[in-house]
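What follows is a set of notes on a single structure, which appears directly below.
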Amino acid sequence: MEDNKGRKVVVSALQFSCTDDVSTNVATAERLVRAAHKQGANIVLIQELFEGYYFCQAQREDFIQRAKPYKDHPTITRMQKLAKELSVVIPVSFFEEANNAHYNSIAIVDADGTDLGIYRKSHIPDGPGYEEKFYFNPGDTGFKVFETKYAKIGVAICWDQWFPEAARAMVLQGAEILFYPTAIGSEPHDHSIDSRDHWKRVMQGHAGANLVPLVASNRIGNEIIETEHGKSEIKFYGNSFIAGPTGEIVSIADDKEEAVLIAEFDLDKIKSTRHCWGVFRDRRPDLYKSICHLSRRQEHGKTQNTICKFCVI
């Protein structure tokens, strides 16, 4: 007789407005993690760099002082205690100082409070209002999968979410759910630009192309930062969401209100569908070598590809 129970997991995405006070923001995150737990959540995602304002609107030396070493980081330590108390998994975003390098990092805390390690953001944006290259080195961890109590999870950060290669790399390593903590909103130089729908559709595509659920957590609120050119303002547009394995949105927040999103998935059922659908069976890695390079060049009508020995596709 078949076992129809399946391996079910409840995921949550949090959404809130940040102040520029660490203790206030961490307390808000804890309150919402507890709220998610009360609704049955097993894995709870907090937004990117939630300890304060999104400081990357400006290039300021004093903001670099916000970085702290990974070891004994006070917010990670607090979330370890909370995770153990509630038996929930919590990815914890933080600004990391590592000797003379700095990273946009996330520590994965398992349901017993164990720190499973970190991922460092790989793709670092650099544009008006999102000047992250001033603060962050490109991540050196590579894309990783963390085996938690409830599921094997892949976690990437904000700008990483625009790159299908990152999602595929994590799923090829066994990720059953993808998580993306985020800080995205208006463009300070042109408030007529609104990328929220594009942002959602890209990640829905990752879920559908890889047949895995996906969880995205974004902040809300207006944040004004003093820059070298005067004041800069971003209106963060929330829209945190949870997508199912065909890319369908199963839960979504608005652009104004604090939110605790909840969704349950049967990972065994999704795994069976993923295997039967055939997209991983029919992959042709031998034809994908060109994505190991920034461009392809053509000479005499032939495409020239150099195989990268470090490329695993």
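Scope of the values below: all heavy atoms of this structure, side chains included, with no hydrogens, waters or symmetry mates.
Taken to the nearest 0.5 Å, the NZ atom of K8 stands 5.5 Å off from the CD atom of E264. The CD1 atom of I249 lies 9.0 Å from the CE atom of M203; values are rounded to the nearest 0.5 Å. Summarising the geometry, atom CZ belonging to F179 is positioned 11.0 Å from atom CE belonging to M170; distances are rounded to the nearest 0.5 Å. Note that CD of Q15 and CD1 of I46 are 13.5 Å apart. Values are rounded to the nearest 0.5 Å. Separation of atoms CZ (F146) and OH (Y119) is listed at 9.5 Å; rounding is to 0.5 Å. A distance of 8.0 Å separates CG in L45 from OG1 in T182, rounded to the nearest 0.5 Å.
V89 and I262 end up in different hydrophobic clusters when Ile, Leu, Val, Met, Phe, Trp and Tyr side chains are linked at under 4.5 Å.
A side-chain N or O of N222 and one of E233 form a donor-acceptor pair less than 3.5 Å apart. Between the side chains of N25 and T19, at least one donor-acceptor pair of N or O atoms lies under 3.5 Å. In this structure, a donor-acceptor pair under 3.5 Å is absent between the side chains of Q47 and S93. A donor and an acceptor atom, one from each side chain of E48 and N104, are located under 3.5 Å apart. Side chains of D112 and T114: a donor on one and an acceptor on the other come within 3.5 Å. Side chains of K68 and T75: no donor on one and acceptor on the other come within 3.5 Å. Remark: the S240 side chain and the Y180 side chain contain no N/O donor-acceptor pair separated by less than 3.5 Å.
Looking at E187, its side chain never comes within 3.5 Å of a backbone N or O of G129 through a donor-acceptor pair. Formation of a donor-acceptor pair under 3.5 Å by the T227 side chain with backbone atoms of H229 is found in this model. With S251 contributing its side chain and L261 its backbone, the two residues share no donor-acceptor pair below 3.5 Å. Under the 3.5 Å distance criterion, the side-chain polar atoms of E228 are left unmatched by any main-chain donor or acceptor of R60. In this structure, S195 contributes its side chain and H198 its backbone to no donor-acceptor pair below 3.5 Å. Judged by distance alone, with hydrogens and angles left aside, the side-chain atoms of T273 form a donor-acceptor pair with the main-chain N or O of K269 at under 3.5 Å. Side chain of Q59 to backbone of E132: no donor-acceptor contact under 3.5 angstrom is found. For D190 (side chain) and S192 (main-chain N/O), a donor-acceptor pair under 3.5 Å exists by modelled atom type. Between the H206 side chain and the A167 main chain, no donor and acceptor come within less than 3.5 Å of each other. When atom types are taken as modelled, the side chain of N42 and the backbone of V88 share no donor-acceptor pair closer than 3.5 angstrom.
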>> What verdict does the salt bridge (charged side-chain N to carboxylate O under 4.0 Å, His left out) test give for D110 and K149, after you've listed the backbone C-alpha separation in whole Å, the side-chain angles of each residue and the deciding distance to 0.1 Å?
In response: CA-CA 7 Å; D110 206 356; K149 177 180 179 179; over 6 Å; no
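Aromatic ring centres of W159 and F136: separated by at least 6.0 Å. The ring of Y135 has its center no closer than 6.0 angstrom to the ring center of H102.
Here the closest heavy-atom approach between residue A156 and residue P181 is recorded as O-CD, 2.9 Å.
Using a 30° and 60° split on the angle between ring planes, F50 and F16 fall in the perpendicular class, above 60°.
Between F95 and the choices F63, Y70, F55, the ring pair (Phe, Tyr, Trp, His ring centres under 6.0 Å) rule is met once, by F55. Of the listed residues (I177, V250, V212, V10), just one forms a side chain to side chain contact (heavy atoms under 4.5 Å, CB included) with F265, and that residue is V250.
Note on R196 versus D194: salt bridge recorded, some NZ/NE/NH1/NH2 to OD/OE distance being below 4.0 Å. Checked for salt-bridge contact, K81 and E85 miss the test: no charged N lies under 4.0 Å from a carboxylate O. Ionic pairing of R219 and E258 is not present here: no N-O contact between side-chain nitrogen and carboxylate oxygen is shorter than 4.0 angstrom. Note on K271 versus D268: no salt bridge recorded, every NZ/NE/NH1/NH2 to OD/OE distance being 4.0 Å or above. With respect to R66 and D20, a salt bridge is recorded, a charged nitrogen being found less than 4.0 Å from a carboxylate O.
With Y103 as the aromatic partner, R120 meets the cation-pi criteria of under 6.0 angstrom to the ring centre and within 45 degrees of the ring axis. Remark: R168 qualifies as a cation-pi partner of F280 under the 6.0 Å distance and 45° angle criteria applied to the six-membered ring.
Other residues, nucleotides and ligands contribute more than 12 heavy atoms inside 6.0 Å of the NZ atom of K133.
By the side-chain hydrogen bond (donor to acceptor under 3.5 Å, both in side chains) test, T246 pairs with E248, sequence neighbours left out. Y130 meets the ring pair (Phe, Tyr, Trp, His ring centres under 6.0 Å) test with Y54; sequence neighbours excluded.
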